[in-house]
Amino acid sequence: MHHTKIAGIGFYVPEHTVTNHDLMRHMDTSDEWIQERSGIVERRFAKRHEETTSVLGAKAARIAIERAGITPADVDFIIFATLSPDYFFPGCGVLLQRELGITHTEIGALDIRNQCSGFVYGLTVGDQFIRSGMYKNILLVGAEVHSMGLDYSTRGRNVTVLFGDGAGAVVLQPTDEQNQGILTSKLHSDGTHAEQLAFINPGCHSGYHDKETDFGYDESVEFGGLFLTQKMMDEGMTFPTMDGQLVFKTAVTKFPEVIKEVLDDQGLTPADIDLFIPHQANLRISQFVQKKLGLPDDKVWNNIQRYGNTTAATIPIALCEAWEAGKVKKGDLICIAAFGSGFTWGASLIRW
Ligand code: COA
């Protein structure tokens, strides 16, 4: 059976940089608070009306495709991970296909909705398809445009200051080289706290809270939305919400657990890791995990300072930056790990 290697990698972040000082003009926050609590100094925001999630994804994808030595027409499967899609439906996978000019239909497109662990989930799914021999050139993209869906008033400051826009992409191909490629992945989920880190409205769930009419729906229809009411908008219920402390506490437990799991699976230890790329949710979370693993600074790649949390895009952006900086060499053992909304979490070990 083949293994799966990353044959090409690329990333794209919008040009527009938004600093903590820029956010301070809209909400009651401070550069000190944001840096001290999260490590974030600035983030990128997409160009309104031009840079949608699929457009950012396509920019990253073109680089990954070229570096893999193929053309868009060679891609036989697309996996697109995002929590901020262009549309409610269809998903970004087919939009990316169109954006890349892939007109043939000998291709499938799958959308992954696993938020911060979307890339690890996508990588694991893609790995199975390559190993089984079903596909030979899988394009896996993680992309987000958070900036269009955040609350820029003081009410939303605990969430808004943390997020940024960007995209990362990889091309997955089979390899026959022994001990190369994705060695193992482990995925987990726990729906107990699903609403503790969530973007809930609009969604069909909210229809159940209002009185039913003969048609089975309620007064929200007059606002023309999918169960989107004026009350929801007035009360800020149309923005992401987060119990930051619960997320923080759970993340610092689950990261080390799942990393140990993938290492144990391969008979390896933290000392064998050449580069650790944690999902960039909070620099303090990453530093806690780094300490727990006993890794020196030069074996961990953090970029949250410059981009904030770009959710499904975070790991491919960081991996690509590290690769471009010469920190990822053939034979290196790379560990990626993510935790996020759901809660869902996972980790992979990759031999480059
Ligand atoms: N600027 C200034 N003050 C802020 C603020 C902001 N942007 N956001 C929140 N505050 C205030 C709160 O209102 C609170 O004030 P109070 O004490 O008067 O009530 C105070 O700061 C402390 O808030 P708290 O939420 O307890 O802070 P914290 O130390 O837990 O840090 C997070 C907040 C969000 C940075 C932290 O909990 C975190 O990173 N959690 C994990 C987030 C995460 O990983 N999310 C993505 C998952 S993939």
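Order of listing sets the numbers, starting from 1, for every ligand and every atom in it.
- With contacts defined as side-chain heavy-atom distances shorter than 4.5 Å, the pair Phe255/Phe288 does not qualify.
- Using a 4.0 Å cut-off between charged side-chain N and carboxylate O, Glu324 and Arg67 make a salt bridge.
- Partners of Asp176 under the side chain to side chain contact (heavy atoms under 4.5 Å, CB included) rule, at least two apart in sequence or in another chain, are His2.
- Scanning both residues, Pro240 and Gly149, for their nearest heavy atoms gives CD-O, 3.3 Å.
- Under the side chain to side chain contact (heavy atoms under 4.5 Å, CB included) criterion, Leu268 pairs with Leu263, Gln266, Asp272, Leu333, Leu349, sequence neighbours left out.
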Taking a 3.5 Å cut-off between nitrogen or oxygen atoms, can you list every pair linking ligand 1 to the protein, with distances?
| residue | atom | partner | partner atom | Å |
| --- | --- | --- | --- | --- |
| ligand 1 | 1 (N) | Thr29 | OG1 | 2.6 |
| ligand 1 | 3 (N) | Trp33 | NE1 | 3.4 |
| ligand 1 | 7 (N) | Thr29 | OG1 | 3.2 |
| ligand 1 | 7 (N) | Arg157 | O | 3.2 |
| ligand 1 | 13 (O) | Arg157 | NH2 | 3.1 |
| ligand 1 | 21 (O) | Trp33 | NE1 | 3.2 |
| ligand 1 | 26 (O) | Gln245 | NE2 | 2.6 |
| ligand 1 | 27 (O) | Arg37 | NH1 | 3.1 |
| ligand 1 | 29 (O) | Arg37 | NH1 | 2.6 |
| ligand 1 | 37 (O) | Gly244 | O | 3.3 |
| ligand 1 | 39 (O) | Asn282 | ND2 | 2.5 |
| ligand 1 | 40 (N) | Gly244 | O | 2.9 |

Could you list the donor-acceptor pairs under 3.5 angstrom formed by side chains in residues 126-135, with sequence neighbours left out?
| residue | atom | partner | partner atom | Å |
| --- | --- | --- | --- | --- |
| Asp127 | OD1 | Thr4 | OG1 | 2.5 |
| Asp127 | OD1 | Arg131 | NE | 3.0 |
| Asp127 | OD2 | Arg131 | NE | 3.2 |
| Gln128 | NE2 | Thr124 | O | 3.3 |
| Arg131 | NH2 | Ile182 | O | 2.9 |
| Ser132 | OG | Gln128 | O | 3.3 |
| Ser132 | OG | Phe129 | O | 3.0 |
| Ser132 | OG | Met134 | N | 3.4 |

